[in-house]
Amino acid sequence: MLTPMDIQRQDFEVKLRGYNANEVDDFLDLVVKDYEKLYKKLLRKSESQEALIASLKKQLEALKKD
C-alpha cells in the first residue's frame with residue numbers, strides 16, 4: 001500500500017515546458033495531508049477489527065467448552 005511518506009518522497013523528472021514544480025509540490029502537500037488522514041483512519045479501523053475478532057474467538061472457544 002502506498003504510504004504518505006511514499007508520496008512525499010516521490011521525485012519527478014524536470015523537463016522543458018513541463019509543469020510548474022511549485023504548483024506540483026503544493027498539490028502533493030495537500031494530497032499527502034488528506035491521504036495521511038485516511039491512512040491513519042484505516043489503520044485504526046484495522047486494529048479495532050483485529051481486537052473484535054480476537055474477542056469473538058475467545059467467546060467462541062468459551063462456548064465450545066460448555
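Distance alone, capped at 3.5 Å, places no donor-acceptor pair between the Asp34 side chain and the Val31 backbone.
Taking NZ of Lys33 as the start and CG of Leu30 as the end, the distance is 6.5 Å to the nearest 0.5 Å.
The shortest side-chain heavy-atom distance between Met5 and Gln8 falls under the 4.5 Å cut-off.
The neighbour count for Phe12 CZ, taken as heavy atoms of other residues, nucleotides or ligands under 6.0 Å away, is above 12.
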Donor-acceptor pairs under 3.5 angstrom involving side-chain atoms of residues 38-61: please list them, not counting sequence neighbours.
{"unit_1": "Ser55", "atom_1": "OG", "unit_2": "Gln59", "atom_2": "NE2", "d": "3.4"}

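Of all heavy-atom pairs between Asp6 and Leu2, the closest is CB-CD1, 3.3 Å.
Under a hydrophobic-cluster definition in which Ile, Leu, Val, Met, Phe, Trp and Tyr are linked whenever side-chain heavy atoms come within less than 4.5 Å, directly or via other members, Met1 and Ile7 are assigned to the same cluster.
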